[in-house]
2 protein chains.
Amino acid sequence: MDNSETLAAFSALSQQTRLDVFRLLVKAGADGVLSGEISDRLDVRQNTMSANLTVLLNAGLVRNERHGRTIRYFADFESLRGLLAFLMEDCCNGNPDICQLVIDEIACG
Amino acid sequence: MDNSETLAAFSALSQQTRLDVFRLLVKAGADGVLSGEISDRLDVRQNTMSANLTVLLNAGLVRNERHGRTIRYFADFESLRGLLAFLMEDCCNGNPDICQLVIDEIACG
DNA sequence: TCCATATATCATGAATAATTGATATATATA
DNA sequence: TATATATATCAATTATTCATGATATATGGA
């Protein structure tokens, strides 16, 4: 994850619909969610959602798979961890404890 | 960290200068960096930097302390971990392993 | 009080992004 | 091949964001 990818990722997540989509896909995990179902669940028009999904794709935050006429979207966790690593780079200089607090917060359950 | 705070945070980080500032402050940790030094090190004009620092402050990503005529800025790690927690909410449904990979990446050293 | 330094605010023009209606493309089925 | 469904693209309008010059505020020192 380099600088411009990071900017694209944060820019993608700085809009309500796209943040909602990404969080939905994070929750869905490996199951992913069909494009149409994303539009329906978030109550966003088809073409608006399509444009927003493209932004998330270009930012590398999600990927998709076509199955016949439908397209299933997934959060890209690999990209997400690259993003967080870039943001937290060298965060431990002089004080590892601070960094650890951030890590603890996102630990599962 | 709620929805609108999260949007404000990602929006703040989606601009080059502000991303640079935040990463600089993450590296600086508890020492923080003086406002003027931030402008100098990133080669950004004073009023532009002031506006960008205000955006980061409003997003809750940084805090500051005035010492005489100078103002020292710090990354707000508490806010950062709230942001990540919001983004990763329920990420473990059905597959804790995926979440763990993300956590491992940002572990110190 | 007067001046210098450090930082913030304001107004504006330029660039970017968001939503929408209309339309196009891709796939499945009859 | 004709039709329906699922999704993407295009063009245009509106809205948002950015950097800047000018100016204001806050603090310290003479």
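Numbers restart at 1 for each chain; the letters A, B, ... are given by sequence-line order, proteins then strands.
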Which residues pass the salt bridge (Lys or Arg N to Asp or Glu O under 4.0 Å) test with A:Arg72, not counting sequence neighbours?
none

Name the residue closer to the 5' end of DNA chain C, choosing between B:Gln46 and A:Asn47 according to the nucleotide with the nearest heavy atom.
B:Gln46

Shortest non-hydrogen contact from A:Thr17 toward A:Leu42
O-CD1, 4.3 Å

Check every strand shown and say whether A:Ser35 touches a base, only sugar-phosphate, or nothing at a heavy-atom separation below 4.0 Å.
sugar-phosphate

With heavy atoms under 4.0 Å as the rule, sort A:Arg18 into base, sugar-phosphate or nothing.
sugar-phosphate

Here the pair of heavy atoms bringing A:Arg63 nearest to A:Glu65 is NH1-OE2, 3.6 Å

Touch class at under 4.0 angstrom, heavy-atom based, for B:Ser50 against every strand present:
base

Any idea which heavy atoms bring B:Ala12 and B:Leu61 closest together, and the distance?
CB-CD1, 4.0 Å

Students often get this wrong, so: under 4.0 angstrom with heavy atoms, is B:Thr48 touching a base, only sugar-phosphate, or nothing?
base

Considering heavy-atom distances to DNA chain C, does B:Met49 or A:Ser14 have its closest nucleotide positioned more toward the 5' end?
B:Met49

Residue matched to D:dA30 through Watson-Crick or wobble contacts both under 3.5 angstrom:
C:dT1

Among residues at least two apart in sequence or on other chains, which ones pass side chain to side chain donor-acceptor pair (under 3.5 Å) with B:Asn64?
B:Tyr73

Could you give the CZ-to-P distance, from B:Arg45 to C:dA6, as a whole number of Å?
18 Å

Value in whole Å for how far the C1' atom of C:dT5 lies from CD1 of B:Ile71:
12 Å

How many angstroms lie between atom CG of A:Asp20 and atom CZ of A:Arg41, to the nearest 0.5 angstrom?
11.5 Å

Which residue lies toward the 5' end of DNA chain D, A:Thr54 or A:Arg69, if each is placed at its nearest nucleotide?
A:Arg69

If every non-hydrogen atom of B:Ala28 is compared with every non-hydrogen atom of B:Val33, which pair is closest and at what distance?
CB-CG2, 3.7 Å

Which nucleotide span of DNA chain D, 5' end to 3' end, has atoms closer than 4.0 Å to non-hydrogen atoms of chain B?
D:dC18 to D:dG28

Report the distance from atom CG of B:Asn58 to atom P of C:dT9, rounded to the nearest whole Å.
9 Å

